[in-house]
Amino acid sequence: MHIPKSLQELANSEAVQFLRRPKTITRVFEGVFSLIVFSSLLTDGYQNKMESPQLHCILNSNSVACSFAVGAGFLAFLSCLAFLVLDTQETCIADTRFKTAFQLLDFILAVLWAVVWFMGFCFLANQWQHSPPKEFLLGSSSAQAAIAFTFFSILVWIFQAYLAFQDLRNDAPVPYKRSLDEGSMVLTTLPLPSANSPVNMPTTGPNSLSYASSALSPCLTAPKAPRLAMMPDN
């Protein structure tokens with residue numbers, strides 16, 4: 001099957017390669033699941049009872065449960081969008097310290113969100129279990145969808161933490177390694193003295209010493225002791 005050149009160029013483009021990354025796909029799933037959680041309870045999570053026009057949370061009439069799901073879902077959705085934007089600029093980051101800090105922050109937030117969604121799933125499921133049956137005419141499907149996608153969010157955030165840990169381990173900086181861009185420092189070795197070096201050229205003369213070290217510096221030579229001259233007796 002012949003593939004047009006334009007489609008090959010499109011498949012090899014940076015945008016398509018970025019969208020095919022496991023980290024990008026995981027972030028998209030995180031954002032979609034978070035959007036479903038907070039939008040389902042934001043729209044149908046508050047219903048009125050048959051005997052009262054006042055709105056109540058469909059999760060055991062506990063407004064904290066609905067507020068938690070809406071708030072956590074909204075914040076997680078914003079977090080996914082922010083990290084997607086930062087992922088697009090990851091290849092342009094030249095500073096290894098900033099890149100390592102970004103990967104460490106990604107790992108920490110992924111672990112925190114996994115814990116938050118686990119606690120939220122337990123809390124929401126408990127409140128739904130204690131909700132009286134048929135207390136509200138509408139909203140039961142929205143509550144079940146929110147609880148289900150809260151559980152799915154736990155899995156995707158755990159996988160996101162695993163990917164962040166792999167990137168952090170693979171891109172860890174090597175100790176004592178510096179490049180020209182980072183420190184502008186180049187470690188060079190001193191060349192060995194050549195045969196034409198003045199160090200290896202001893203001076204010739206009847207009163208001269210042929211020590212190579214004496215040519216290095218006058219401060220390195222041993223001081224000469226004073227000589228005692230014998231005066232002839234008259």
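Counting only residues at least two apart or in different chains, salt bridge (Lys or Arg N to Asp or Glu O under 4.0 Å) contacts with residues 67-78 are absent. Each salt bridge (Lys or Arg N to Asp or Glu O under 4.0 Å) pair with one or both residues in residues 62-71, not counting sequence neighbours, would appear here, but there are none.
One distance of note links CG of L59 with OG of S140; it measures 11.0 Å at 0.5 Å rounding. Atom CD1 in I25 sits 9.0 Å away from atom CZ in F159 (nearest 0.5 Å). Note: I36 CD1 to F152 CZ = 9.5 Å, rounded to the nearest 0.5 Å. Considering OH of Y162 and CZ of F107, their distance stands at 12.0 Å, rounded to 0.5 Å. C66 contributes atom SG, which lies 4.5 Å from atom OH of Y46 (distance to the nearest 0.5 angstrom). Interatomic distance, CD of Q103 versus CG of L163, reported as 11.5 Å (0.5 Å rounding).
A salt bridge is absent between D167 and K99; no separation between the charged side-chain nitrogens and carboxylate oxygens falls under 4.0 Å. A salt bridge is defined here as a Lys NZ or Arg NE, NH1 or NH2 lying under 4.0 Å from an Asp or Glu carboxylate O, and D87 with R21 fails to meet this definition.
Of all non-hydrogen atoms in I158 and A114, the two that sit nearest each other are CG1-CB, 3.9 Å. Summarising the geometry of E30 relative to V156, their closest heavy-atom pair is OE2-O, 3.5 Å, with the distance given to 0.1 Å. Shown here for S153 and F33, the closest heavy-atom pair between the two residues is OG-CB, 3.4 Å. Residues W157 and C80 share a closest heavy-atom pair of CZ2-SG, 3.8 Å. Contact detail for H56 and S61: the closest heavy-atom pair is CB-OG, 4.1 Å. The two residues F38 and V70 have their closest heavy-atom pair at CB-O, 3.4 Å.
Side-chain N or O atoms of S79 include none that pairs as donor or acceptor with a backbone N or O of L75 at under 3.5 Å. Side-chain N or O atoms of T88 include one that pairs as donor or acceptor with a backbone N or O of V85 at under 3.5 Å. Judged purely by atom type and a 3.5 angstrom limit, D106 has no side-chain atom pairing as donor or acceptor with the backbone of F102.
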Could you go step by step and tell me if F74 and L78 meet the side-chain contact (heavy atoms from CB on, under 4.5 Å) rule? CA-CA 6 Å; F74 182 70; L78 292 181; 3.5 Å; yes
Verify side-chain contact (heavy atoms from CB on, under 4.5 Å) between W117 and L112, making sure each step is shown before the conclusion. CA-CA 9 Å; W117 285 122; L112 289 178; over 6 Å; no
side-chain contact (heavy atoms from CB on, under 4.5 Å) between D44 and I58, intermediate numbers included: CA-CA 8 Å; D44 296 333; I58 59 177; 5.8 Å; no
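No more than 12 heavy atoms of other residues, nucleotides or ligands lie within 6.0 Å of CZ in F165, so this atom counts as exposed by the packing criterion.
Partner of F149 under the side-chain contact (heavy atoms from CB on, under 4.5 Å) criterion, out of V37, V32, L35: V37 alone.
Every residue meeting the ring pair (Phe, Tyr, Trp, His ring centres under 6.0 Å) condition with F151, not counting sequence neighbours, appears here in chain and number order: F121.
Judged purely by distance below 3.5 Å, without hydrogens or angles, the side chains of N60 and S131 never pair a donor atom with an acceptor atom.
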